[in-house]
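In what follows, chains carry the letters A, B, and so on, assigned in the order in which the sequence lines appear, proteins first and then strands, with residues in each chain numbered from 1.
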2 protein chains.
Amino acid sequence: MKENGKVTIYDISKKLNISAATVSRALNNNPKISIKTRELVFAAAKEMNYKQNRLAQALKSGKSKNVGVIVPYINRNFFSSIIRGIEEELGPHGYHVIICQTHEQMETEIEQINTLLNTQVDGIFMSISKSTNNTEHFKKVLKEGKCLVFFDRKMDVPGVSSVVIDDFKAGYMATSHLISQGCRRIAHFAGDLNLEIYKNRHEGYLSALKEHGFKPNPDYVFRTLSSIESGAAAARKMWELKEKPDGVFSASDYTALGAIQELRKMGVRIPEDFCISGFSNEPFTKYMEMPISSVDQTPLRMGKIAAQVFLEQVDSTEKLTIEKKVVLSPELMVRNSSDRSLLKVAGE
Amino acid sequence: MKENGKVTIYDISKKLNISAATVSRALNNNPKISIKTRELVFAAAKEMNYKQNRLAQALKSGKSKNVGVIVPYINRNFFSSIIRGIEEELGPHGYHVIICQTHEQMETEIEQINTLLNTQVDGIFMSISKSTNNTEHFKKVLKEGKCLVFFDRKMDVPGVSSVVIDDFKAGYMATSHLISQGCRRIAHFAGDLNLEIYKNRHEGYLSALKEHGFKPNPDYVFRTLSSIESGAAAARKMWELKEKPDGVFSASDYTALGAIQELRKMGVRIPEDFCISGFSNEPFTKYMEMPISSVDQTPLRMGKIAAQVFLEQVDSTEKLTIEKKVVLSPELMVRNSSDRSLLKVAGE
DNA sequence: TTGTACGCGTTATCAG
DNA sequence: CTGATAACGCGTACAA
């Protein structure tokens, strides 16, 4: 055994007095090799503690068996769950997952894409940053012949596949649910309406209102950030209205939480006086004493499906650029913050 | 521009009628190259949209500029925060982070290590799985001359650095805090005492009791899992005791949460009748209507420091195998579930 | 200051 | 079935 643990097929070939090419073939189970030689090689390989050098393999084949995943922040539950899905789907196929963060900055997003391409990844998965307003860097990925898959936050780029949830439907579902609970003046905490996902949630909200015969009231739509403070502020503004809402569909769980805290301070009873549904199914929503209804985006499934789309693409017969758009259905988790069905029974 | 975007230093050298070596040197800012040539090369490189192939570089240099991070599950807040810390510290140094999951299985842990070594990573960061009871695979990493750094869950292996928090101190702090709040019969939800971290928390708990003149009561120590159900079960068992505890230091936030829910059902007032502190500072603990006290393990910092340890190691003058043990101090986050200081004031 | 030649570890092609 | 040779893209002694 050599010092630094770097055993190559050459070392094996010398020991066995055969050529390195033969060793390589034996190791790769090439059919045109004698069983005897193969066994000899495997035995020697094991004995010498040989390991394939995937770097050399990659350089030769042009396939690194690495993929990059770019997200705003990896320690957000939603993103880390997606990454988990990708890893679990791709791992068994021999891929490694390289992670990158953008911190919501387009410049770093561009930089991350560049370094990933330098590293010769076989594909890139990503959720675009909030500040991204340009698609040049995405096109570059395609130009290099690499596969690109968007998840959740996407832009329309020809040739790029995407996996998202149906945000329109999610908004529609949540709002309809509130209506079914007896809410009549439903507000909306909208998030950044420049982002496709928030726009779609908003439209789903409007659609549900109209379909049930309610006239949307622009005063009921609040621009919010995804934070507790923003939710509290929105709640206060909401309560200054002449005709106070009796429910809200919030495009963020954090905003929903802030609103709940604020409304409680003001003595509003939930869900009796006011129903609320959040978005993302953040872990905390189900742990509260008053669990918060929320829309689950099934991130694990999202990651797995994104990975499957990638696999189809790379396995497919070469240059045929497929573009696949997968739209997943969200799941509404109804919890106490919007569930009036058990109110009368609860006589504790 | 070539078809597949694969521009090499050869393409540049041809275009400029110089040798590839000169191009390489110019690109690497080798001092012994004329400024004029350098500028010519840079201009051509930019124009031809040249990108360094890090794979080839890595094969040549023996340094891939990739590190692997192995954790049980990446979508646990604690782990994803550590990974974030590692990425943010290492990214600026040109490293990429490859993530792997063990699902708490030693066999997959071994496999992940092997494939990471095959990929020629420059180092491996990891938190060992619960079922790991053997150090052979760790030694193998060292034998290959790669740097290994444990974080949080570690084993003692000569030559391996580690970054952990002081679990003993954490247990001591939390327990002392409960005592300071007037608790006299303090229980402990212990987790898996075979794991070093839980053992240390338990010992910190015992130490605090003794130091304050309390005699530890074995009946007050409960073996628990890190789950809500386990916490509820422990609470019930606890309440069957003749002398009921009046506080608990839980080694897990989930267990603490389960206990709180169960105790409330039984009409126990928190923190008046019973104080509780959890562990990990999971996001949900601070969002509850009754925020839960918890020990913050400062995972972001932990990741950054682990990365720094790695950098010191690889930058150091070669084979000198350094072994660095960093022990971080935990931070106790005191919240309502164990804070009696404001009880009399609260007259709302 | 620049060019030549070689090697990193592997696989594919072409002979034999 | 097996061996020699080239090539993937880059960096670097050595020579000029």
Engineer: How does protein contact run along nucleotides 6-16 of chain C, one letter per nucleotide 5' to 3', with B for base contact, S for sugar-phosphate only, - for none, heavy atoms under 4.0 Å?
Structural biologist: -BBBBBBB---
Engineer: Taking the six-membered ring for Trp, is the centroid-to-centroid distance between B/Phe310 and B/Phe125 below 6.0 Å?
Structural biologist: yes
Engineer: Testing the 3.5 Å rule here: is there a donor-acceptor pair between the side chains of A/His103 and A/Thr108?
Structural biologist: no
Engineer: Nearest whole angstrom, please: distance from the C1' of D/dC10 to the NZ of B/Lys63.
Structural biologist: 16 Å
Engineer: Rounded to whole angstroms, how far apart are CG on B/Leu16 and P on C/dT1?
Structural biologist: 18 Å
Engineer: Using a cut-off of strictly less than 4.0 Å, decide whether A/Thr22 has a side-chain nitrogen or oxygen near OP1 or OP2 of D/dG3.
Structural biologist: yes
Engineer: Using only heavy-atom distances, determine whether the side chains of B/Lys140 and B/Asn114 contain a donor-acceptor pair under 3.5 Å.
Structural biologist: yes
Engineer: Give the intermediate values and the outcome of side-chain contact (heavy atoms from CB on, under 4.5 Å) for residues B/Glu104 and B/Tyr73.
Structural biologist: CA-CA 8 Å; B/Glu104 302 284 13; B/Tyr73 297 97; 4.0 Å; yes
Engineer: What is the nucleic acid contact for B/Ile18, judged by heavy atoms within less than 4.0 Å: base, sugar-phosphate only, or nothing?
Structural biologist: sugar-phosphate
Engineer: In this structure, how many angstroms lie between the P atom of D/dC1 and the CZ atom of A/Arg38, rounded?
Structural biologist: 9 Å
Engineer: Run the ring-centre check on B/Phe138 versus B/Phe150 and record whether the distance is less than 6.0 Å.
Structural biologist: yes
Engineer: In whole angstrom, what separates A/Asn30's CG from D/dT2's P?
Structural biologist: 10 Å
Engineer: Grab the CD1-C1' distance between B/Ile33 and D/dT12 for me, whole Å please.
Structural biologist: 12 Å
Engineer: In whole angstroms, how far is the P atom of D/dA7 from the CG atom of B/Asp11?
Structural biologist: 15 Å
Engineer: Rounded to whole angstrom units, what separation is found between the CG atom of B/Leu40 and the P atom of C/dT1?
Structural biologist: 15 Å
Engineer: Just the rounded figure in Å: distance from C1' of D/dT2 to NZ of A/Lys36.
Structural biologist: 14 Å
Engineer: Going through the distances and angles, do A/Ser64 and B/Leu55 end up as a side-chain contact (heavy atoms from CB on, under 4.5 Å)?
Structural biologist: CA-CA 8 Å; A/Ser64 67; B/Leu55 238 46; 4.3 Å; yes
